[in-house]
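Position 1 is the first residue of the sequence, and the numbers go up from there.
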Amino acid sequence: MADDVVYGHDLIGPALRELRGAVRLYRESTHTEDVGRELLRVIGELGQIAGWVASDAGRYDEAERIYRLGLSAAHTAGDATLASQLLGSLAYQLSNTGQESAAREMALAALDGAPGAPPRARALNFDRVAWAYAMTGQAQSAMRAVGDAGEALAGHGGESEPSWLYWVDAGELEVMEARVHTELHRPLRAVPLLRRVLDQYDTTHTRELALYSSWLAMALADANEPEEAAATTQRVITLSSAGSSERAALRSSALLHRLEKFRDVPEVAALLAEHRVA
C-alpha cells in the first residue's frame, strides 16, 4: 500500500481523488444491487485509507468526515468488519487528539459491532481498545485488552479476510503493547519490546520507524536514561524529515519538550540547542 512509504501531505490528493471517483461512480451510474453493494464496500475501504491519510496530515476534521462517509457506506453494504475498522480508526484519532473518553466508547462500540470479524480484525479492534484505555489511565483494562488482542491474533490462519488486514501481525501488536506500557509509565516493560521490534522492522517504512522510535525515546526518558533518549530522539527527527507526516512531526516536538527536564545533560543540551528549543 502507498501509505507504507508515502505519507500524509504527499498522499492526500491522490487518496481523495480515488474516493471521490468511487462516490461519483456509485451515484451517477446504473448498476445491479450486487454491484452497488460492492461499490459501497469500495467506498468504505477508500474512506478508511483517505481518512487515515488525512489524519496523518493533521487534517483531523476532514479525516472525521471521511471516516463517517466510509462508515455509512460500509453499514449500507452490510459489511460489519469494515464498519468496525472505520469506527475504530476514528476512535484512534480521537484518542490522540484530546477526546479520550469519547474515543474509549467508540473503540468499544467498534469491537462490539463486529463479533464475527476475522481474527486479525478482532486483534486490531482490541488494540484500539487497549490504547483508548491507556489514554484514560485505565491500566488493568488496557492490559486486559492487549492480552485479548494477542489471543485473537493467535486464531489467525487460513480464514477469508479483507486485504486491508495485511499489516496486522505479532510485531504490530508488540508495538501497541509497548506503547501502552509507555503511556502508563512502565518503561522497563516498554523498552525491550520496542527494541526487539525496531531491530526487525522494514527500514523502508520510515514514518513507522520514526513513530515507534519516538515511543522508545519517551520510555527511555521515563527510565531516566537521558543520553539514550537524546540519541533516539535525534534518530526520530532524522527519520521524520524524510517524509510529510504530521504525526511524526508532532512526536518529534513532544520528545524535545519531554527532554527539557534533562537540559543539564550535555547530550540533551546539544540536541535542544540544535533544534532551537529555548
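No path of Ile, Leu, Val, Met, Phe, Trp and Tyr side chains, each step under 4.5 Å between heavy atoms, connects Leu198 with Leu193, placing them in separate hydrophobic clusters. Trp131 and Leu124 fall within a single hydrophobic cluster, where Ile, Leu, Val, Met, Phe, Trp and Tyr are joined by side-chain heavy atoms under 4.5 Å apart, directly or via other members. The hydrophobic clustering, which links ILVMFWY residues whose side-chain heavy atoms are closer than 4.5 Å, places Leu16 and Val42 together. Hydrophobic clustering of Ile, Leu, Val, Met, Phe, Trp and Tyr side chains at less than 4.5 Å, counting indirect connections, keeps Leu209 apart from Met218. Both Trp215 and Leu220 belong to a common hydrophobic cluster when Ile, Leu, Val, Met, Phe, Trp and Tyr are linked at side-chain heavy-atom distances under 4.5 angstrom.
Proximity of Val23 to Leu69: side-chain heavy atoms (C-beta onward) are separated by under 4.5 Å at one or more points. Inter-residue side-chain proximity for Asp222 and Arg186 is flagged as unmet; no heavy-atom pair is nearer than 4.5 Å. No side-chain heavy atom of Leu184 sits less than 4.5 Å from a side-chain heavy atom of His181. With contacts defined as side-chain heavy-atom distances shorter than 4.5 Å, the pair Arg189/Glu177 does not qualify. Within the 4.5 Å cutoff, no side-chain heavy atoms of Leu71 are placed close to those of Leu90. Counting only heavy atoms from C-beta outward, the side chains of Arg207 and Asp56 approach each other to under 4.5 Å. Put simply, the side chain of Asn125 does not reach to within 4.5 Å of the side chain of Val129, judged on heavy atoms. Contact check for Arg258 versus Lys261: side-chain heavy atoms found under the 4.5 Å cut-off.
Ser84 contributes a side-chain N or O that, together with a main-chain N or O of Thr81, makes up a donor-acceptor pair within less than 3.5 Å. Of the possible donor and acceptor atoms, one in the side chain of Ser95 sits under 3.5 Å from a partner among the backbone N and O of Ala91. With hydrogens and angles disregarded, no donor-acceptor distance shorter than 3.5 Å links the side chain of His275 to the backbone of Leu256. At distances below 3.5 Å, at least one donor-acceptor pair connects side-chain atoms of Thr97 with backbone N or O atoms of Gln93. Listed for the Ser252 side chain is a donor-acceptor partner under 3.5 Å among the backbone atoms of Ala248. Under a 3.5 Å cut-off, the side chain of Glu159 and the backbone N or O of Gly157 do form a donor-acceptor pair. A distance-only check finds a donor-acceptor pair linking the side chain of Thr136 to the backbone of Tyr133 [under 3.5 Å]. Counting only distance, with no hydrogens or angles, the side chain of Arg122 and the backbone of Leu111 share a donor-acceptor pair below 3.5 Å. Remark: the backbone N or O of Thr238 is paired with a side-chain donor or acceptor of Ser241 at under 3.5 angstrom.
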Notebook entry, point to check: Is there a side chain to side chain donor-acceptor pair (under 3.5 Å) between Arg104 and Gln99 once you walk through the steps?
Noted result: CA-CA 9 Å; Arg104 181 188 59 219; Gln99 301 177 70; over 6 Å; no
Next item on the list: Would you sort out whether Asn224 and Phe262 count as a side-chain contact (heavy atoms from CB on, under 4.5 Å), showing the intermediate values?
Entry: CA-CA 9 Å; Asn224 201 33; Phe262 300 109; 3.3 Å; yes
Check: Between Gln234 and Glu274, does a side-chain contact (heavy atoms from CB on, under 4.5 Å) hold up when you go through it step by step?
Finding: CA-CA 10 Å; Gln234 181 58 66; Glu274 180 181 353; 3.4 Å; yes
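Ala217 and Ala229 make their closest contact through O-CB, 3.7 Å (heavy atoms, listed as atom of the first residue, atom of the second, distance). For the pair Pro192 and Pro187, the tightest heavy-atom approach, listed with the atom from each and the gap, is CD-O, 4.3 Å. Heavy-atom minimum distance, Gly171 versus Val197: O-CG2, 3.8 Å. Among all heavy-atom pairs drawn from Val265 and Pro226, the shortest one is CG2-CG, 3.9 Å. Taking every heavy atom of both residues into account, Arg251 and Ser214 meet most closely at NE-OG, 2.9 Å. Ala130 and Val146 make their closest contact through CB-CG2, 3.7 Å (heavy atoms, listed as atom of the first residue, atom of the second, distance).
Rounding to the nearest 0.5 Å gives a distance of 4.5 Å between CD1 of Ile12 and CZ of Arg59. In this structure, Thr232 OG1 and Glu227 CD are separated by 11.5 Å, a value rounded to the nearest 0.5 Å. Residue Thr76 holds its OG1 atom at 9.5 Å from CD1 of Ile43, rounded to the nearest 0.5 Å. In this structure, the separation between CG on Leu259 and OG1 on Thr233 is 4.5 Å, given to the nearest 0.5 Å. In this structure, the separation between OG on Ser101 and CE on Met135 is 11.0 Å, given to the nearest 0.5 Å. Note that the CG atom of Leu173 and the CD atom of Glu151 stand 11.5 Å from one another [nearest 0.5 Å].
Residues Ser89 and Gln48 bring a donor and an acceptor atom of their side chains to less than 3.5 Å of each other. Thr204 and Asp202 are linked by a side-chain donor-acceptor pair at a separation below 3.5 angstrom, with hydrogens and angles left out of the test. Defined by atom type and a distance below 3.5 Å, a donor-acceptor pair is present between the side-chain atoms of Tyr212 and Glu172.
Ion pairing between Arg41 and Glu38 holds under the 4.0 Å rule for side-chain N and carboxylate O. Taking a cutoff of 4.0 Å between a charged side-chain nitrogen and a carboxylate oxygen, Arg37 and Glu33 qualify as a salt bridge. A salt bridge links Glu228 to Arg195: one of the charged nitrogens lies within less than 4.0 Å of a carboxylate oxygen.
With Trp164 as the aromatic partner, Arg120 does not meet the cation-pi criteria of under 6.0 angstrom to the ring centre and within 45 degrees of the ring axis.
The aromatic rings of Tyr92 and Trp52 lie parallel to each other, with less than 30° between the two planes, well short of the 60° mark. Between His31 and Tyr26, the ring planes are parallel. Angles under 30° get that label, and only those over 60° would be called perpendicular.
Atom CG of Asp199 has more than 12 heavy atoms from other residues, nucleotides or ligands within 6.0 Å.
For the ring pair (Phe, Tyr, Trp, His ring centres under 6.0 Å) test, no residue two or more places apart in sequence or in another chain qualifies with Phe126.
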